[in-house]
Amino acid sequence: MIVLVGFMGAGKTTVGRLLAAKLAVPFSDSDHVIEARAGKPVRQIFADDGEPAFRQLEHDVIADLLAKNEDIVLALGGGAAVHEGTRANLAHSKVPVVYLKVSYAEALRRVGGDRDRPMLARPDVAQVYAERDPRYALAATVTVDADDKTPEELVLGILASLQ
Ligand code: S3P
């Protein structure tokens with residue numbers, strides 16, 4: 001298993017799919033597993049149940065995926081690695097964790113107007129970014145700069161750094 005973490009818009013899904021294809025393993029995304037378990041989109045979980053309920057579900061889903069440790073590439077939602085318990089589970093699992101590091105400006109340029117991402121509607125999203133950056137770095141075994149590279153270049157960089 002290879003895990004990808006990073007802020008919204010870092011390219012976790014795009015790069016994760018490409019990396020999985022290159023390795024000929026399945027791609028999975030914690031948000032999709034959460035949505036399947038909850039029976040509704042992330043946006044709706046935030047609206048109906050609130051962020052703390054989403055974070056609990058996110059933690060539980062990722063704990064289950066790590067326990068299974070299947071041969072997959074797994075992208076985590078942008079807030080997942082902020083959870084201390086999830087970071088502890090990642091460390092304990094010993095799987096490679098890649099931090100796709102995107103600048104705040106580039107992240108906003110890519111996903112700024114997306115209404116399906118409730119965290120982007122927060123007035124303090126810049127602060128959220130600033131608080132998360134060191135936590136992604138803590139969770140990661142490898143950090144890759146994702147601002148000025150194509151997904152293909154990022155995949156090659158990830159594969160090289162994991163060797
Ligand atoms: C979130 C990021 C989203 C999703 C949810 C919360 C966050 O995933 O998990 O909207 O807190 O940054 P992506 O990083 O895939 O957009």
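When a ligand or atom number is given, it counts from 1 through the structure's own listing order. The basis for the numbers below is simple: all heavy atoms, side chains too, and nothing from hydrogens, waters or symmetry mates. From a predicted model like this one, the values you see are computed outputs, not experimental measurements.
Using modelled atom types, no side-chain atom of Arg87 and backbone atom of Leu138 make a donor-acceptor pair closer than 3.5 Å. With hydrogens and angles ignored, the 3.5 Å screen pairs a side-chain donor or acceptor of Lys149 with a backbone N or O of Asp145. Side-chain atoms of Arg17 never come within 3.5 Å of backbone atoms of Ser28 as a donor-acceptor pair (strictly under, hydrogens ignored).
Within the 4.0 Å heavy-atom criterion, both parts of Met8, backbone and side chain, lie near ligand 1. If you look at Lys12 next to ligand 1, the close heavy atoms, those under 4.0 Å, all belong to the side chain. With a 4.0 Å heavy-atom cut-off, ligand 1 is reached by the side chain of Arg55 but not by its N, CA, C or O.
The atoms of ligand 1 that sit less than 4.0 Å from any heavy atom of Val42 are 5 (C), 10 (O). Those atoms of ligand 1 with a heavy atom of Pro118 less than 4.0 angstrom away are 10 (O).
From the protein, the heavy atom lying nearest to atom 16 (O) of ligand 1 is Arg117 NE, 2.7 Å.
Heavy atoms of other residues, nucleotides or ligands lying less than 6.0 angstrom from CD of Gln44 number more than 12.
In this comparison of Ile34, Asp114, Asp31, the heavy atom closest to atom 4 (C) of ligand 1 sits on Asp31.
Side-chain atoms of Asp133 and Tyr99 form a donor-acceptor pair, as typed in the model, at a separation below 3.5 Å.
Residue Gly78 has at least one nitrogen or oxygen atom sitting less than 3.5 Å from a nitrogen or oxygen atom of ligand 1, judged on distance alone. Considering backbone and side-chain atoms together, Arg132 places an N or O closer than 3.5 Å to an N or O of ligand 1.
Annotation: side chain of Leu76 is not in contact with side chain of Asp31 (no heavy-atom distance under 4.5 Å). Counting heavy atoms from C-beta outward, Leu23 and Ile2 have side chains that approach closer than 4.5 Å.
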